[in-house]
Amino acid sequence: MKNNKMNLEEAFRLIGQTSPKKILFACAPADGHFNPLTGLAKHLQKAGYDVRWYCSQAYAKKLEQLQIHHYPFKSALEVTGVNIEQVIPERAALKNPVQKLNFDIIHFFIKRGPEYYADISGIHLSFPFDLVIADCAFTGIPFITDKMNIPVISVGVLPLTETSRDLAANGLGLTPAHSFIGKRKQALSRFLANKIMFRKSIRVMKQLMSEYSITVDNMNLFDVLVKKSTLLLQSGTPGFEYSRSDLGKNIRFIGPLLPYTSKGKMPSWFDGRLFAYKKVILVTQGTVEKDINKLLVPVLEAFRDTDTLVIATTGGSETARLKAKFSGNNFIIEDFIPFADVMPYANAYISNGGYGGVMLGITYQLPMVVAGVHEGKNEINARVGYFNLGINLKTERPTRLQIRAAVEEVLTNTTYKEHVIKLSNEFNTYNPNHLCENYVREILEKNTTGLPSRIMQFNAN
């Protein structure tokens, strides 16, 4: 008996010395879907996991800098938010917003799913990964879980996309209603969204999925991605999400998941003018939006020759032109400035509503002014306004007068600062990377196969 017991302990010890668990990251080809996952990828890599990444060639250089093995698209079409009209030129002719939205859902998301599946199946032959971690809009998810029988953790890099009986249809930017009439309107919006607005994209998805024997019922794409995920880890906290009585059982909040930042390799950004002005405003319209006249120009015009320092990051869009036109001493205009270096000095944050930027703004306790509608930004900005974290201008093209008034309001009305401080404190109670690592370990332990038989065989010998 003693020898048998020692053999059993030895079996567990030997099994524990197997090679590191293999994790494949994957994401839709967009900065807001790639960047938030980089911090988690490096954390898991440092924790001893074999981490590799499948994504667009656009991120090859970043992955090389991160020292993460990159699997580029092969079967998958290289279509991004930047090049979609070059790759699929018929999009340019669409003027109706609903038609364009359906087109994007079909061509940017739905039709890419089988291509991702083909690539990932090939990767699995040489890199037999145990788990996939993907952004919540990666349409390879149902193929991996249903066809490959491999668990997928999806990461919510957008506000929760799951349909709820307590809310209006996702994507309309509508805040919760509590009256009887308001609730009926919400129910009607959900019906119209599935039966009319997104009918075409739902029909295309259902037909495509049926070809692979994947059941999706009558759900829309984003409900499918949520429900097919083994777990969905939502970036953010309950305080930045609408209350739901029917929250999916596979959803967990993890706090703000932020991009990886290397420590000590780059000098910190600083400008002496940060101490020369009582009011400092940071403005950005992200890297995808190239039209500087939407947000950057009206913000700069609003504060020309004032006692407010405006720091504008352009993402590389017409920086030289903006510097020439707005050369005042109270303007700092650069392609890129690390937000962690500038946000501690800022008093307010203006953006078109990128989710990562909003997470950072909350983290640094900045009241916000947001102006964006497309690419799901209406949902993000609706939450900023609903939770009194700032002012939602509900437009893609705010005027300089609208911006000036909104900034004055968030700087003088203490309500916004108080609410953003409260939510920031809630953020601080979460440790996103460690929470994610715990969920990774939990899924891998549940998915371990063959352990009892290996132990029994060892013990019998």
Side-chain angles (χ1 to χ4, degrees), residues 19-84 87 108-109 112-113 115-141 144 150 152-158 233 235 257-266 286-288 315-316 335-336 338-340 354-357 359-360 432-433 436-437 440:
S19 60
K21 291 292 186 180
K22 299 174 175 62
I23 300 176
L24 182 69
F25 275 69
C27 64
D31 288 359
H33 298 247
F34 172 84
N35 290 332
L37 301 184
T38 55
L40 175 59
K42 287 301 294 182
H43 176 84
L44 292 174
Q45 186 185 62
K46 291 175 182 177
Y49 292 93
D50 186 349
V51 173
R52 307 185 190 186
W53 204 312
Y54 167 70
C55 63
S56 166
Q57 186 63 33
Y59 302 104
K61 185 176 180 181
K62 287 186 177 181
L63 288 171
E64 182 181 359
Q65 293 169 343
L66 290 168
Q67 297 182 320
I68 294 175
H69 183 91
H70 175 218
Y71 294 104
F73 291 169
K74 289 186 177 180
S75 297
L77 186 66
E78 280 277 359
V79 55
T80 69
V82 175
N83 73 3
I84 188 169
V87 177
F108 189 82
F109 294 108
R112 307 286 74 84
E115 298 169 355
Y116 295 153
Y117 174 43
D119 283 345
I120 287 175
S121 296
I123 291 168
H124 193 259
L125 295 176
S126 60
F127 179 61
F129 47 85
D130 304 287
L131 172 71
V132 171
I133 298 178
D135 78 273
C136 60
F138 181 71
T139 48
I141 291 171
I144 298 166
I150 293 173
V152 176
I153 291 178
S154 61
V155 179
V157 296
L158 309 165
L233 305 183
S235 180
L257 197 62
L258 301 175
Y260 176 75
T261 54
S262 57
K263 297 177 181 179
K265 292 185 178 181
M266 295 289 291
T287 57
V288 174
D335 289 335
F336 171 77
F339 280 5
Y355 197 66
M359 291 289 103
L360 274 171
N433 286 333
C436 290
E437 184 183 354
V440 166

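Keep in mind it's a predicted model, so treat the numbers as computed, not measured.
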Quiz item: So how far is it from F129 CZ to F25 CZ, rounded to the nearest 0.5 Å?
Solution: 13.0 Å
Exercise. Please report the closest heavy-atom contact between G316 and D335, naming both atoms and the distance.
Key: CA-OD1, 3.5 Å
Practice problem: For the residue pair H124 and I150, establish whether any side-chain heavy-atom pair is separated by less than 4.5 Å. | Solution: yes
Exercise. Measure from the side-chain N and O atoms of D135 to the backbone N and O of L37, and report whether any donor-acceptor pair falls under 3.5 Å.
Key: no
Quiz item: Are side-chain heavy atoms of D119 and Y71 found at a separation under 4.5 Å?
Solution: no
Quiz item: Say you draw a straight line from CG of L158 to NE2 of H33; how long is it, rounded to the nearest 0.5 Å?
Solution: 5.0 Å
Quiz item: Shortest non-hydrogen contact from Q67 to Q45?
Solution: O-NE2, 3.0 Å
Quiz item: Can you find a heavy atom in the side chain of I133 that is under 4.5 Å from one in the side chain of L44?
Solution: yes
Self-check item: Backbone of L257 reached by a side-chain donor or acceptor of S235 within 3.5 Å
Solution: yes
Quiz item: Below 4.5 Å, heavy atoms only, C-beta onward: do P36 and V155 meet side chain to side chain?
Solution: no
Self-check item: Beyond-backbone contact of C27 with W53, side-chain heavy atoms, under 4.5 angstrom
Solution: yes
Quiz prompt | For E64, all residues meeting salt bridge (Lys or Arg N to Asp or Glu O under 4.0 Å), sequence neighbours excluded | solution = none
Quiz item: Got a second to check how far K61's NZ is from H70's NE2, nearest 0.5 Å?
Solution: 14.5 Å
Exercise. Flag the pair L63 / F34 as yes when at least one side-chain heavy-atom distance between them is below 4.5 Å, and no otherwise.
Key: yes
Quiz item: Which atom pair, heavy atoms only, marks the closest approach of A47 to E437?
Solution: CB-OE2, 3.6 Å
Quiz item: Closest heavy-atom contact between L40 and C436?
Solution: CD1-CB, 3.5 Å
Quiz item: At their closest point, which heavy atom of C136 faces which heavy atom of G156, and how far apart are they?
Solution: SG-CA, 3.8 Å
Practice problem: List the steps and the verdict of side chain to side chain contact (heavy atoms under 4.5 Å, CB included) for E115 and L77. | Solution: CA-CA 8 Å; E115 298 169 355; L77 186 66; 3.8 Å; yes
Practice problem: Not counting sequence neighbours, list each pair that qualifies as a salt bridge (charged side-chain N to carboxylate O under 4.0 Å, His left out) and has a residue in residues 34-54. | Solution: D50-R52
Quiz item: Looking at A41 and I68, what are the two nearest heavy atoms and their distance?
Solution: CB-CD1, 3.8 Å
Practice problem: Measure the acute angle between the ring planes of F138 and Y54, then classify it against the limits of 30° and 60° as parallel, tilted or perpendicular. | Solution: perpendicular
Exercise. Verify, without hydrogens or angle tests, whether T38 (side chain) and Y260 (backbone) share a donor-acceptor contact under 3.5 angstrom.
Key: yes
Quiz item: Do Y49 and P20 have side chains that get closer than 4.5 Å, going by heavy atoms?
Solution: no
Practice problem: Can you measure from CZ (R112) to OG1 (T139) and round to the nearest 0.5 angstrom? | Solution: 8.0 Å
Quiz item: Are any side-chain N or O atoms of E78 and backbone N or O atoms of Q57, one a donor and one an acceptor, separated by less than 3.5 Å?
Solution: yes
Quiz item: I144 versus L24: any side-chain heavy-atom pair under 4.5 Å?
Solution: no
